Amino acid sequence: MTTLLIAASVAETAEAAESAATMLEYGAIMLGTALLFVTIFRKLGLGATLGYIAGGIFIGPHVLGLVTEPERLSAISEIGIALLLFIVGLELNPGRLWRLRNDIFGLGLAQVVICGLAISLFVWWALGVSPAAALAIGLPLALSSTAQVLPMLRAEGLLNTPRGERAFSVLLFQDLSIVPLITIIAAMSRAPPGPDDPSGWMLALYTVGAIVGLVLAGRYLLNPLFRLIGRIGEQEFFIVAGLFTVFAAAALMHLLGLSVALGAFIAGVMLAESPYRHEIESDVEPFRSILLGLFFLAVGMMLDVTTVLAQPVFVVSIALAVIVIKGLIITALARAFGNAWRRSVRLGLLLSQAGEFGFVLFAQAAAAQLILPEAASLLGAVITLSMATTPLLMRLTDWLDRREQGRDDLDGPEQSPDTPAIVVGSGRFGQTVAQMLQAKGVGVTLIDKQTSAIERAEEFGRKVYYGDGTRVDLLRTAGADSARVIAFCNDNRDGSLSRASLGAVLEAFPQASVLVRTYDRIHLMEIDKLDLAFAQRELFESAVAMGRAALRSAGFKPEEAERVEREYRRRDCERLERQSSTGDLHAGEELSFREDRTLAQMPGSGGGEEGDEGGLIDRARDEGPADPVRKDEGPHRG
């Protein structure tokens, strides 16, 4: 008996070692393939998502067969979807959720319901399937690709613009609709139910209970935990705590038989108002990118290419029908919700593709015996093909943007010479910065997307190139890879200079000093701790100068006016530091002046301490003629 046990143990150990070696081989093959295909597809302007899917098809069991068991990777790779929705949740604090409520629960709900029913009717009519199968096909195809659209909007600096927020709202509701759609497919299932499977009503109760439990856990457990970790100051603790939050929420939902992605999303929402959310987001982002890439690789590997190639007309016609139906309906709905026609068309084109959750729902439908496994492969190819059109449709929306501005014959930055400095925004602010650089013979490339500003500059003999200078690809076209200075002088009223977009610029062009004109105090707090060479609130210096002049006009001596200015700057700096560290606009309120809180009445109001006169940080900079900008000398933020 002992010999048998030892033999069995040795066999299990050998099997485990062989399994580990297989996973190592799979990992090396997949990562190498991802590097190759994503690089190629990015060069072609088709995006990373399609590169991952194409790479998965190439190494999968239906082409080269380098990875023969992609199903073993699906559970791990789906964590990438969960991390994506966790980061989406981090960006959705309750204030923003309330502000976008009409787009989320109005436009988003209408889009899912109407597009789902319209595509289901088309499928029922065109393919002659049963109503249940038509719904199992049409409802998933109504969802768009969050994993493709959001990174594209973020990379181009459009996520916080009205256009980006409207797309974000619709995608958010689509993601929230995953649980109801899974419930609908389960209710229509033809497969015999398992003895432990919950009923639809129990599933709904589990969902509500889990959401309430996660919200309470976030309020009374997670936020105190992150405050404690913040005091310790260990970077690794943030990574561990962030991943623990995602995995714990997802595991709870999985245990209840609910959507893992929904659990991760709720975990993100719980931490959306945390002062440490930016650190959490930056720590989790690399894991999200890798695991989401594995998800799309697994999707490509599980596509049955032989089945798809046997019916190419079916795949192309269904994909085209989905794009046309969704594009027309979303355009009409956006117009009904008060958007201009061009903006409505852009939104319709942007969200016309099918999305990654369709792969999950089609697998669910196949398990429920509503569609055949071969049909799931064909429909997966439909999703992939529709996603392939998104970069092309985005270029079409760019063309519509140019038409909306009134001129399409303006020179783009691809026609600009390489210069040491790029200035984005050619208004009065940008002109001042450009002229000061040109005073020392520094070449400047001016970029603006307002045709009126370009025409006004041309009247004075200044060349301004047309384009959205917050986009990384456009900056690269303008020569940002060799630029020493990138100055964002636009006013950020549209939210284009977000933390994410500026972070993308810093990552893409590490050799350049990035300077930012911030819109207000909140904007400065948002981009705090980015490696910026300069960040200054617009109107701050002119307001302080006028305040000093007002004191002089009120009869105070010059030295007293200067003392008040120094003390105001010091207190404002300290207040801004507290607001940035806590995320609370009311932090440090006791430092501000009021009629009942004058300089003489406040403690610590001595006039000898000059403090930090620039804002958050103000360090002396060597600006000699041989090196007009030195990024390593510390930022100026105010």
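The figures here come from the full heavy-atom set of this structure, side chains too, leaving out hydrogens, waters and symmetry mates. Keep in mind that this is a model prediction, so the values were computed, not measured.
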* With side chains defined as the heavy atoms from C-beta onward, is the minimum distance between I137 and F122 less than 4.5 Å? -> no
* **Straight-line distance of I447 CD1 to D468 CG, nearest 0.5 Å** => 9.5 Å
* Asked: Within the side chain of Q111, is there an N or O that forms a donor-acceptor pair under 3.5 Å with the backbone of A142?
  -> yes
* Test salt bridge (Lys or Arg N to Asp or Glu O under 4.0 Å) applied to R476 - qualifying residues, sequence neighbours left out -> D481
* Quick one: side-chain hydrogen bond (donor to acceptor under 3.5 Å, both in side chains) pairs with a partner in residues 322-332, sequence neighbours left out? -> S144-K326
* Partners passing ring pair (Phe, Tyr, Trp, His ring centres under 6.0 Å) against F58 (at least two apart in sequence or in another chain) -> F37
* To do: Taking the side chain as every heavy atom from C-beta outward, state whether F337 and N102 have any pair of such atoms under 4.5 Å apart.
  => no
* Out of curiosity, L107 CG to L347 CG, how far, rounded to the nearest 0.5 Å? -> 6.5 Å
* Taking only residues two or more places apart in sequence, or in another chain, which ones meet T33 in a side-chain hydrogen bond (donor to acceptor under 3.5 Å, both in side chains)? -> none
* How would you list, by chain and number, every residue that makes a side chain to side chain contact (heavy atoms under 4.5 Å, CB included) with L117, sequence neighbours excluded? -> V113, L135
* To do: Identify, with sequence neighbours excluded, every residue that meets side chain to side chain contact (heavy atoms under 4.5 Å, CB included) alongside S145.
  => A147, Q148, Q353, E356, M387
* Asked: Quick one: side chain to side chain contact (heavy atoms under 4.5 Å, CB included) partners of V324, sequence neighbours excluded?
  -> L320, L328
* Structure fact -> Checking T39, V38, I40 against L36 for side-chain contact (heavy atoms from CB on, under 4.5 Å), the one that qualifies is I40
* Using the test side chain to side chain contact (heavy atoms under 4.5 Å, CB included), find all partners of A110 that sit at least two apart in sequence or belong to another chain. => I114, L333
